[in-house]
Structures are given as C-alpha cells and as structure tokens.
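Just below is one structure, and these are the notes that go with it.
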Amino acid sequence: MLDQIHWLAAVTVLGVLEQAYFFLQVIYARRLFGISPPKISGPPEFERIFRAQVNSSEYFPIFLALLWQAGLFFHQGLAAALGLLYLYARYCYFMGYKASSSERLAPMYFSAGVLWILIAVSALGILHFFLSHYVGLNVLQFLTA
C-alpha cells in the first residue's frame, strides 16, 4: 500500500513546509513593519505578504483533496507531478505578490489551471472506479481494444 502513496505523501509534506514558510514570512513582515496581531492592515508591502499567505492557505485544503483523489483513483505519479507544479506556482505567486500585486497574476492563473487539471483527473479516476466496480464496465478495455 505504501508504494502506492509515497509520492503523494512526499508532495503533501512539501506543501506543508511551503505553508510554514509563508506563515514565517508573515511573522517576519509583522516584525519588520511593527504590526502586532490581530491587526491585518499596514503598509502595502505588509498587506501584500499577508494576503499572499492567506490566499495560499485558503486553497491548500482544496489542493490536498484533489492531489490525493487524483493519486488514489487515477495515477500517483501524474498527481505528484501536478502537485509539484502547483506548489511551484504557489511559490511564484507568493513571491510575485510580495513584490507587487500585478506580479501575482500569471502564477495565480497557472496554479488555477493545475487545480482544474487535478479536478479533471480526479473525476475521471473516480468515474472509472464507479463504472468498473458497480457497473462492471471497464472503460480502459474499450480504449485499448
């Protein structure tokens, strides 16, 4: 079983480490700009870092669910590769947003595209499972015949 999920687990750990890095960036920015919690407003430089971290955190559960569904029901290697692409895009998004709000757009669209691919792959894998398990219809046999 573990050989079927080890890449998904590795990408999950990398994602958690990335989230921790984003959290630390907000802590450093709070210290740099003298903004104590619970305040969330300040200079634009702080607000961009704060929003980049919050936005990334909001999408993280969606990413994790799709990563694991795609990996379990479709293909672990493809899901892990897409997961790495997503994490890289979110890092670029964070760094771009940190620099200026317009620099976040291309990585944001790219990461959204990766999520849509993960949705499609997950849906196909789950559909294939239901069709083969409950209906007895193996779509892959039709495609390879």
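All figures in this text were calculated on a predicted structure; none of them were measured in a lab.
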> So if you build clusters from Ile, Leu, Val, Met, Phe, Trp, Tyr with side-chain heavy-atom gaps below 4.5 Å, do Phe110 and Phe94 land together?
Replying inline: no
> Cation-pi between Arg90 and Tyr93: NZ/CZ under 6.0 Å from ring centre and within 45° of the ring axis?
Replying inline: yes
> So which of Leu78, Leu85, Leu82 actually passes side chain to side chain contact (heavy atoms under 4.5 Å, CB included) with Leu118?
Replying inline: Leu82
>> Using 0.5 Å steps for rounding, measure from the OH atom of Tyr86 to the CG atom of Leu64.
In response: 9.0 Å
> Within a strict 4.5 Å, meaning less than it, do heavy atoms of the Phe63 and Val114 side chains meet?
Replying inline: no
>> Closer than 3.5 angstrom, by distance alone: can the side chain of Ser56 be matched with the main-chain N or O of Gln53 as a donor-acceptor pair?
In response: no
> If only atom types and distance count, is the side chain of Arg104 paired as donor or acceptor with the main-chain N or O of Gly96 below 3.5 Å?
Replying inline: no
>> I'd like to know if the side chain of Gln4 and the backbone of Gln76 have a donor-acceptor N/O pair within less than 3.5 Å.
In response: no
> Can you tell if the side chain of Gln69 reaches within under 4.5 Å of the side chain of Leu8, non-hydrogen atoms only?
Replying inline: no
>> Let me check something: do Val13 and Leu2 share a hydrophobic cluster, defined by ILVMFWY side-chain heavy atoms less than 4.5 Å apart, either directly or through other members?
In response: no
>> For the CE atom of Met108 and the CG atom of Asn55, what is their distance to the nearest 0.5 Å?
In response: 9.0 Å
>> Does any part of the side chain of Arg48, heavy atoms only, come nearer than 4.5 Å to the side chain of Pro44, both counted from C-beta?
In response: yes
> Hey, mind stepping through Tyr97 and Glu103 against side-chain contact (heavy atoms from CB on, under 4.5 Å) and telling me if it holds?
Replying inline: CA-CA 6 Å; Tyr97 207 167; Glu103 300 260 340; over 6 Å; no
> Are the side chains of Arg30 and Ser36 in touch, meaning some heavy atoms are under 4.5 Å apart?
Replying inline: no
> Is the distance between the ring centroids of Phe130 and Tyr134 less than 6.0 Å?
Replying inline: yes
> At what distance, to the nearest 0.5 angstrom, does OG1 of Thr12 lie from CG of Leu17?
Replying inline: 11.0 Å
>> Within the supplied structure, the quantity of interest is the number of heavy atoms (other residues, nucleotides, ligands) at a distance under 6.0 Å from Trp7 CH2; does it exceed 12?
In response: no
>> Assess the residue pair Tyr21 and Tyr91 against the criterion (side-chain contact (heavy atoms from CB on, under 4.5 Å)); give the C-alpha distance rounded to whole Å, side-chain angles, the decisive distance to 0.1 Å, and a yes or no.
In response: CA-CA 10 Å; Tyr21 173 76; Tyr91 178 80; 4.0 Å; yes
> Does the side chain of Lys98 come within less than 4.5 Å of Gln25's, by heavy atoms?
Replying inline: yes
> Counting only heavy atoms not in Leu131, do more than 12 sit closer than 6.0 Å to its CG atom?
Replying inline: yes
> Would you say the side-chain atoms of Trp68 and Ser122 include a donor-acceptor pair closer than 3.5 Å?
Replying inline: no
> Are Phe22 and Leu14 connected, step by step, through hydrophobic side chains (Ile, Leu, Val, Met, Phe, Trp, Tyr) whose heavy atoms are closer than 4.5 Å?
Replying inline: no
>> Using a 6.0 Å cut-off, check whether atom OH of Tyr88 has over 12 heavy atoms from anything other than its own residue.
In response: no
> Same cluster or not: are Leu87 and Leu24 linked, directly or through other Ile, Leu, Val, Met, Phe, Trp or Tyr residues, by side-chain heavy atoms under 4.5 angstrom apart?
Replying inline: no
>> If you compare all heavy atoms of Phe46 against all heavy atoms of Ala29, which two are closest, and at what distance to 0.1 Å?
In response: CD1-CB, 3.8 Å
>> If you count heavy atoms of other groups shown closer than 6.0 angstrom to CZ of Phe23, is the number above 12?
In response: yes
> So does Tyr28 have more than 12 non-hydrogen atoms from other groups sitting under 6.0 Å from OH?
Replying inline: no
> Looking at His128 and Asn138, what are the two nearest heavy atoms and their distance?
Replying inline: NE2-OD1, 3.3 Å
>> Is there a continuous path of hydrophobic side-chain contacts, each under 4.5 Å between heavy atoms, that joins Trp116 to Tyr109?
In response: no
> What closest approach, in Å, do Val16 and Phe60 show between heavy atoms, and which atom pair accounts for it?
Replying inline: N-CZ, 3.7 Å
>> Quick check: closest heavy atoms across Ala89 and Ser111, and the distance to 0.1 Å?
In response: CB-CB, 3.7 Å
>> Under a 3.5 Å cutoff, is there a donor and acceptor pairing between the side chains of Ser57 and Gln19?
In response: yes
> Can you tell me how far the CD1 atom of Ile27 sits from the CD1 atom of Ile35, to the nearest 0.5 Å?
Replying inline: 13.5 Å
